Structure formats: structure tokens, C-alpha cells
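Contents: one structure, followed by commentary.
Everything quoted here is computed from the prediction, not taken from an experiment.
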Amino acid sequence: MFLFLLITMVVVVGAVTLAVVAGGDSAALPETAPEQPVDPLPQTRPVNRSDIEALRLPVTLRGYRMADVDDALDRLAAELAERDARIAELESALAGAQATAVSGPGLFAKPGEEADQ
């Protein structure tokens, strides 16, 4: 009796193993979605406050994945550098326009008189 149970158990384990390994097109184990998102920040537009508030990085056994955190921080640093450069450009253009307006031809004109143009 013991020998019959042992042979039956070996046959069943072998059949299950063969079915899982050689499943063919109808695999017993379906493909799972990757744990980490492709890119949690939008690529088609600049990052805004709601994107940062909605950002949730996947957690691992010892904390966050360093690669995901590094990617998010690199993206934010690039966006901030681009915005800082644009702000500096606009401030210099404004300063130039103000300097031109202050030193314009009508600077020393008396009130009520038209400046010579």
C-alpha cells in the first residue's frame, strides 16, 4: 500500500510540474504587471504641483527604490533649472525695458509738453 501511494504521489507531482513548465500558449502562471511604474511624472508637459502631490514611488523591503527616487529628483532638478533660467531671462528683459523707459527722450520734459521725437 505504501509503495502504491508513493508511486501515485510521484506521478501526480511529475504531471503538475510538466503542466506548469511545458504549458505552451496557455501558461498556468499569467504575466504580472511590473511593480515599478514606467515614469510617474508626465513627459509631455512640465511638472506641476498636483503631479508632485500625486507622486507615489513603489516601496521595497528596505524603503524606496533608489533608481526611482533618483529619476524623479533628476526630473525635478531639470525642471527647476529650466524655470530658474526662464525667470532670469524674463527679469533681465524687464530690467532692460525699464532702463530704456527711464532713459527715454521724454525724461526731462516738463509736464504738459510733448517730448521731441
>> Go through it in stages, so that I can follow the logic: the residues are M9 and L6, the test is side-chain contact (heavy atoms from CB on, under 4.5 Å), and I'd like the CA-CA distance, side-chain angles, deciding distance and then a yes or no.
In response: CA-CA 5 Å; M9 187 170 65; L6 183 64; 4.1 Å; yes
According to a 4.5 Å side-chain heavy-atom criterion applied to Ile, Leu, Val, Met, Phe, Trp and Tyr, with indirect links allowed, do [X] and [Y] form part of one hydrophobic cluster?
X: Y64; Y: L73; result: yes
X: V47; Y: V69; result: yes
X: V11; Y: L3; result: yes
X: I52; Y: L80; result: no

Reported [atom1]-to-[atom2] distance for the pair [X] and [Y], which is rounded to 0.5 angstrom:
X: E91; Y: R86; atom1: CD; atom2: CZ; result: 11.5 Å
X: D84; Y: E89; atom1: CG; atom2: CD; result: 12.5 Å
X: L94; Y: I87; atom1: CG; atom2: CD1; result: 13.0 Å

>> Regarding D51 and R45, does a basic nitrogen lie under 4.0 Å from an acidic carboxylate oxygen?
In response: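 A salt bridge links D51 with R45.
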> Charged N to carboxylate O under 4.0 angstrom, R75 versus E79?
Replying inline: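 A salt bridge is present here (some side-chain N lies under 4.0 Å from a carboxylate O).
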> Do P46 and E82 come close enough that some side-chain heavy atom pair is under 4.5 Å?
Replying inline: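 Not touching, per the 4.5 Å side-chain cut-off.
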>> If we check side chain to side chain contact (heavy atoms under 4.5 Å, CB included) with R65, which of these qualifies: D71, T60, D70, L57?
In response: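 Testing each of D71, T60, D70, L57 against R65, the sole residue satisfying side chain to side chain contact (heavy atoms under 4.5 Å, CB included) is T60.
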>> Strictly distance-based, threshold 3.5 Å: is any side-chain N or O of R62 a donor or acceptor partner for the main-chain N or O of V59?
In response: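 No: the side chain of R62 does not pair with the backbone of V59.
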